[in-house]
Amino acid sequence: MSLPLPVQIGRRGLDQLPEVALAPGPSQLRVTGNGSYAEMYGYAWASILDPSTPALRLFQVQDAAGNPWPLGQPLTGNERWVEVPVPALAHDVRTIRHHSLAFDQAGEHVFAYELEGQIWVRQWDGATEQYVLRGPFAGVDPVLLMDSTAYYRPAESDVLLFYTPDRRKLAWRYQLELYATEHVLLDNNGAEVAYTGDVILDQVLALPYRYEICLEVAGAKQYVYSRLYPLLQTDKLAAGGAPLEALSAAAVLRYTQTDLLAAGGAPLEATYDL
């Protein structure tokens, strides 16, 4: 199963790629169903910067009958990427360096992209019932993450935007703050972390109850992890059904003394080399 036009996929930063962004989302735009994680983030979506159109195009995996394909279900060979129409961006996609895709609590897509050293975010505004632009603000390498994909509870989630403002810092913004406030990585003394080499933000991965930020700093790989999101007693391991709290933290990831299990999802406390 391939996307319906030729694209290049590579590591972000070195070649200004990827031009394809993948994200889990709902069965249909603005359809949240019963509000469960499976309803809101159980289907495969992709966006493409298509310079031949030129347009930013949105696709979903569907079966031969036109039904959305649920993530995790066996592939039959009849699935295909089907385009879902969305309004055009305010900027010419031929001038956009790269973009990122996520889906918010309303089941709508969120786009972030870099243009001439500035970052823009397009999102759905439920109050005005139209798409709005947030920004611009100085930065490069935008990456969106719906943290429900790590936390599994859509009602308490947010769409986070990660980026580097000046190739020396790591920063993020929150959708709940309308992306208006920049937050930067701090060390354990509360001082801003200033990298000594160029920072390239590659991707942000959702892990169980936390997320991983993949960087290159002066050509060397580094990884930054969020603290663990709160664990509920009802959260069970998929394999044996034992409460997740019973896991040994050291058996999952290495921690620092300040990277506490009890923390409530506060991002970006320590760097790790894997």
Side-chain angles (χ1 to χ4, degrees), residues 1-5 7 9 12 17-49 56-86 98-112 123-124 143-162 175 202-214 225-226 228-229 231-232 234-241 244 252 265:
M1 181 176 58
S2 60
L3 289 162
L5 72 163
V7 295
I9 301 178
R12 181 181 297 274
L17 299 172
E19 298 296 336
V20 177
L22 302 172
S27 61
Q28 300 179 54
L29 294 181
R30 265 176 273 164
V31 174
T32 58
N34 59 14
S36 67
Y37 181 84
E39 288 279 350
M40 297 186 65
Y41 302 103
Y43 302 88
W45 293 80
S47 56
I48 297 175
L49 292 175
L56 190 147
R57 303 170 64 186
L58 186 65
F59 295 85
Q60 184 192 52
V61 178
Q62 298 180 6
D63 62 23
N67 300 310
W69 172 73
L71 286 166
Q73 294 298 311
L75 291 169
T76 65
N78 296 317
E79 292 79 11
R80 56 200 175 98
W81 288 100
V82 177
E83 186 164 5
V84 178
V86 293
H98 49 247
H99 76 290
S100 186
L101 170 70
F103 289 84
D104 64 17
Q105 303 89 333
E108 258 294 358
H109 63 283
V110 182
F111 289 129
Q123 66 172 121
W124 177 257
V143 180
L144 291 169
L145 175 75
M146 160 49 78
D147 69 350
S148 182
T149 58
Y151 189 32
Y152 310 116
R153 285 187 277 281
E156 305 166 26
S157 61
D158 199 4
V159 180
L160 310 181
L161 169 68
F162 297 93
Q175 185 193 51
D202 184 21
Q203 56 186 316
V204 182
L205 303 177
L207 304 177
Y209 292 91
R210 62 174 16 190
Y211 49 82
E212 174 187 70
I213 303 170
C214 306
Y225 295 94
S226 73
L228 284 176
Y229 282 79
L231 307 179
L232 302 182
T234 54
D235 292 335
K236 306 294 183 181
L237 286 173
L244 189 60
V252 182

Straight-line distance of [X] [atom1] to [Y] [atom2], nearest 0.5 Å:
X	Y	atom1	atom2	value
R210	S226	CZ	OG	5.5 Å
S100	L145	OG	CG	8.5 Å
L101	L144	CG	CG	7.5 Å
L58	W81	CG	CH2	9.5 Å
Q60	R80	CD	CZ	11.0 Å
L161	Q123	CG	CD	10.5 Å

Next on the checklist: Donor-acceptor check, side chain of Q73 to backbone of L71, threshold 3.5 angstrom: yes or no?
Outcome noted: no
Item to check | Donor-acceptor contact below 3.5 Å, side chain T32 vs main chain G107 | outcome: no
Using distance only, find each side-chain donor-acceptor pair of residues 40-48 under 3.5 Å and give its atom names and separation, not counting sequence neighbours.
residue	atom	partner	partner atom	Å
Y41	OH	F103	O	3.3
Y41	OH	D104	O	3.1
W45	NE1	P26	O	2.8
S47	OG	H99	NE2	2.7

Checklist entry - Does the gap between the ring centers of Y229 and Y151 come in under 6.0 Å? => result yes
[X] versus [Y], closest heavy-atom pair with distance:
X	Y	value
S27	P68	O-CG, 3.4 Å
A23	A102	CB-CA, 4.2 Å
L49	H98	CD1-CA, 4.1 Å

Item to check | side-chain contact (heavy atoms from CB on, under 4.5 Å) evaluation trace for T149 with Y211 | outcome: CA-CA 9 Å; T149 58; Y211 49 82; over 6 Å; no
Could I get the full list of side-chain contact (heavy atoms from CB on, under 4.5 Å) partners for [X], not counting sequence neighbours?
X	value
A65	D63, N67
E83	R57, F59
A150	A206

Checklist entry - side-chain contact (heavy atoms from CB on, under 4.5 Å) between E212 and L205: does it pass, once the steps are laid out? => result CA-CA 5 Å; E212 174 187 70; L205 303 177; 3.3 Å; yes
Do [X] and [Y] touch side chain to side chain, with heavy atoms closer than 4.5 Å?
X	Y	answer
R153	S148	no
Y225	I213	no
Y152	S157	no

Next on the checklist: Apply side-chain contact (heavy atoms from CB on, under 4.5 Å) to residues L160 and Q175 and explain how you reach the verdict.
Outcome noted: CA-CA 6 Å; L160 310 181; Q175 185 193 51; over 6 Å; no
Checklist entry - Which pairs count as salt bridge (charged side-chain N to carboxylate O under 4.0 Å, His left out) when at least one residue sits in residues 20-31, sequence neighbours excluded? => result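 Those involving residues 20-31 are R30-E108.
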Item to check | Evaluation steps, side-chain contact (heavy atoms from CB on, under 4.5 Å), between W124 and L29 | outcome: CA-CA 11 Å; W124 177 257; L29 294 181; over 6 Å; no
